[in-house]
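Data block below; observations after.
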Amino acid sequence: MANVVNEGAAGRRARSLRAEGALKALAVEPDSPERLRRVLEQALVFGGASFAAVYTPSEDGELLCLVESVGVPRTLYGLRDGYALAGPSPVADAHRTGLPRWLGPAELADCAEARRAPSRDFHLAVLPLHGDDGGGCLPVVSESPGGFDAEDRACLQLIAEAVAFPAPPAAVEGGELPAGAFSLAMDTGRVEVGDDILELFGLGPDHFDGRVETLLGLTVPEDLPSLMSVVEAGHMSIGDRELEFRVLQPTGPPKWLRLRGRLLPGGEGHPARLVGTVADTSTLGAEITDVARVQRLAAALATAGTVRDVSHAVVTALRGPLRADRIALAELENDRLVVTVLDPPQPEEWPELWRTEWRTEWPDAPVRAMPTLAAALREGRAQIWPAGTPLEPALADVGPGGLAVLPLPAGGRMAGACLIGWDAPHDFGRDERALLTASAGLAGQALLRAHAFDAEHELVGMLQRQLLPRRLPRLPGAKAVARYLPTTAGLEVGGDWYDVIPLPDNHVALVIGDVQGHSAAAATLMGQMRTALRAYAAEGHPPDVVVHHANRLLMDMETDLFATCAYVDVDLEEGTAWCVRAGHLPPVLRHPDGSTQIAEAEGGPPLGVMREADFPMSPLRLQPGTVIALTTDGLVESADADIDTGIDRLAHELARSDPAHLGLVADALLVGARRSDDVALLLLRYEGMAVRPLRESWTVWRVPEAVGHARRFTRRTLRSWGLPAPDMDAVLLVVSELVTNALVHTDGRVRLDLTLVSRRLRVAVADASPRTPVKPADISWEATGGRGILLVEAVSAAWGTVPVSGGKQVWSEVALGE
């Protein structure tokens, strides 16, 4: 290991010398519009920073305003666009006193900045700036557990001394603008532009009316939304201001331009202004410095949500500029490296050990098999092994011409490692080592955040999976399938749900809904609404009453969220259905002949909006082979098409499908679905029942002969159905006991229902009492009651009770002989 070159103590002591050299190189072009940004970028490379910015006094002298920033978004640390000079902020304190402030998490705990920050575990340094125009200050943030060490502070002091703030040419109203600069008044849309910009747009000074709309009208229409988000954005974040767009040309393809600008807050009586430059991208240099690569990596990692996103950002930022032959990024879990990205991805490009551990999509390599790598991770410093260094085969074959290992530190531990290898002998320069070191720090912090993101995303995903049906029930005369696609935007879980609820008498309820928003609260409310609808449906209420009860429940919950819902009650025996819509999309029907129809189902408002809302029922007629499709707006609504267009497209795709394979139909309908919103899809194919039950009902009047009337009705019905006499005795006994119990122990209406299906007779007696009959545990010889339920149980194949519309239904099934 004598040839090992590492970034040790001597390397750390030399950082200030390298920083001084880089700053001297930038001083060669003091008037460059990119100089201030380039100076700040040195804080990312040499000062251990993840964010750096410059604040200068406003024109009225009352505010310190942000004029430039680099690194991750300032909102992660609660930093604002401006601070009152007389206020108690660390930024204002450093400017007033002229003394630097070095604040750790403990000192920041009482500051407004830390209270606004999503994460509190960071260090803040604020260095005063002494310039000819009144100075300003340099806030710098580090996520390193130890904060800024002595060498970091020395580098930051050099950077503060190198910062200069000439007033931006476009910031002076009435002055002559440089050729490539512009100044836009945000309140009026009046814009002052240099002659070079007018030439880029194909305009002469005499033909420009000073309106920004004139310039926007010359751009490619597809690029207008992104441009409008800048020129109309009074809320635009200061520092985030680089944009490429196209300008139409009289002949030939459009020309690519790059806009760079910043929003300057207006003082008393002055509007906010967007100032900056516009340049032809073809004239910009193709090469960028290592510092700019670090800046671009920081920007990419700031928006990387998942571990895979972080890994791809690191690979993209490093492999091309370093001309590496292979690069791997892996998380460290216990004693194993769990690889998240390999480039190239082919197994044959990697060492034998990696191939033998290729368990899933990527290998899962044991660290103990690579002691040199384990030592590098323990030391926690970037290490470089030139060609010819004796290493174990698992590492040597990654980079026979040179190997760099970047431990990725985060939160006081190693989050993972990045391995970069070359096949041909590679010469490692000083700047390249600095690039690797700075990239490792940024990637480690991003990997830690992404790991927490992935864990939370899995948690909320598991929550939603638990709230949705695990499987759909088997239905007589129909088949149902469902699909659910969670959003891939952000980590918050959505509120889409579906359900298939078997009901008595061969009915089934199809339910689909969407709770407003994407959050744990929306998912929780979704679970509550699904449970409530299932409970109301099981009570035997008609569809409009079910939805009405759900609406009242949601109103009583006093939540700010609302929900849309579509509820379809299908009679599988008759081939009819009733549909109720509460602010949701209508069902789409595919008829057996292949034609489709968007159901004309009248709808009510969403649930949770109006307490006394009406939810009308609309009839649907089904034929065997009809498919009912219910979906949420995530499938049919997009940025380039409204809901009506999306539903028409869904109907068209449904018409082209083969309903014989309902699962394949559902999969085909989801092809190309946008993933910025959840998607729920529920399909039911009505087939018709091969054997339809025989049914008869009898209303039992409360007269002395009521039980006798019920028995005579039952006997006549069974004879008409052709049942032999031996089967009647058990059925008549059940009818006598259930009707007697209902008349003796309840008030109100009593109804007797008889149903015959496949040599199984169901006797059901409904009454107005919710009280369930209880089977006695013990009956003495002297007892005068309680034997009825025991007799019913003795002669029945099964018996039970279900709630129906405020009352109950006691039922018994009697198996009939051949």
Side-chain angles (χ1 to χ4, degrees), residues 305-306 308 361 457-458 460-473 475 478-500 510-518 522-523 526 530 563-568 581 584-591 594-599 625-686:
T306 65
R308 182 62 60 85
E361 182 181 2
H457 196 274
E458 176 60 26
V460 296
M462 182 179 64
L463 167 66
Q464 187 155 37
R465 288 192 296 271
Q466 292 298 320
L467 294 175
L468 292 172
R470 293 189 177 182
R471 62 182 63 88
L472 298 185
L475 303 173
K479 180 180 180 180
V481 300
R483 297 290 185 268
Y484 174 76
L485 293 179
T487 177
T488 57
L491 66 86
E492 294 184 329
V493 68
D496 292 19
W497 89 90
Y498 61 86
D499 207 352
V500 177
L510 309 178
V511 187
I512 197 162
D514 185 2
V515 176
Q516 169 206 13
H518 292 79
M526 173 266 285
R530 174 176 172 248
T564 64
C565 172
Y567 184 101
V568 181
R581 295 196 302 119
H584 202 82
L585 305 174
V588 178
L589 304 181
R590 184 194 187 278
H591 299 296
S595 63
T596 56
Q597 171 192 0
I598 301 173
T626 300
V627 175
I628 304 175
L630 296 170
T631 186
T632 54
D633 57 2
L635 180 61
V636 298
E637 187 178 23
S638 63
D640 57 351
D642 58 20
I643 289 182
D644 292 336
T645 303
I647 294 180
D648 290 338
R649 183 167 56 245
L650 172 64
H652 177 70
E653 294 297 326
L654 192 61
R656 297 172 52 192
S657 63
D658 180 4
H661 306 285
L662 205 58
L664 297 179
V665 174
D667 294 336
L669 294 177
L670 294 178
V671 173
R674 68 186 185 101
R675 300 298 298 279
S676 58
D677 194 5
D678 298 330
V679 175
L681 175 65
L682 178 60
L683 302 179
L684 180 133
R685 182 182 67 235
Y686 171 68

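Heavy-atom minimum distance, A480 versus V500: CB-CG2, 4.3 Å. The nearest pair of heavy atoms linking A655 to G594 is CB-O, 3.4 Å. Closest approach of W497 to V511, counting heavy atoms only: NE1-CG1, 3.9 Å. Summarising the geometry of L654 relative to A629, their closest heavy-atom pair is CD2-CB, 4.0 Å, with the distance given to 0.1 Å.
Using a 4.5 Å heavy-atom cutoff, the side chains of L510 and L682 are in contact. I647 places a side-chain heavy atom less than 4.5 Å from the side chain of V588. For the pair T632 and Y498, the minimum side-chain heavy-atom distance is 4.5 Å or more.
Remark: side-chain polar atoms of H584 are paired, donor with acceptor, to backbone N or O of T631 under 3.5 angstrom. Side chain of R685 to main chain of P659: a donor-acceptor pair is present (N/O by atom type, distance under 3.5 Å, no hydrogens or angles). At distances below 3.5 Å, not a single donor-acceptor pair connects side-chain atoms of R483 with backbone N or O atoms of L669. A donor-acceptor pair under 3.5 Å is absent between the side-chain atoms of T564 and the main chain of G513, judged by distance alone.
From C565, atom SG reaches atom CG of L585 across 11.5 Å, with rounding to the nearest 0.5 Å. Note that CG of D678 and CG of L635 are 12.0 Å apart. Values are rounded to the nearest 0.5 Å. Rounding to the nearest 0.5 Å places OG1 of T596 at 9.0 Å from CG of L589. In this structure, CG in L472 is found 9.5 Å from CG in L684, a value given to the nearest 0.5 Å. Expressed to the nearest 0.5 Å, how far CG of L662 lies from CG of D667 amounts to 10.0 Å. The CG atom of L630 sits 5.5 Å away from atom CD1 of I512, with the distance rounded to the nearest 0.5 Å.
For A599, the side chain to side chain contact (heavy atoms under 4.5 Å, CB included) partners two or more places apart in sequence, or in a different chain, are P587, L620.
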Step-by-step side chain to side chain contact (heavy atoms under 4.5 Å, CB included) determination, Y686 to I628: CA-CA 8 Å; Y686 171 68; I628 304 175; 6.0 Å; no
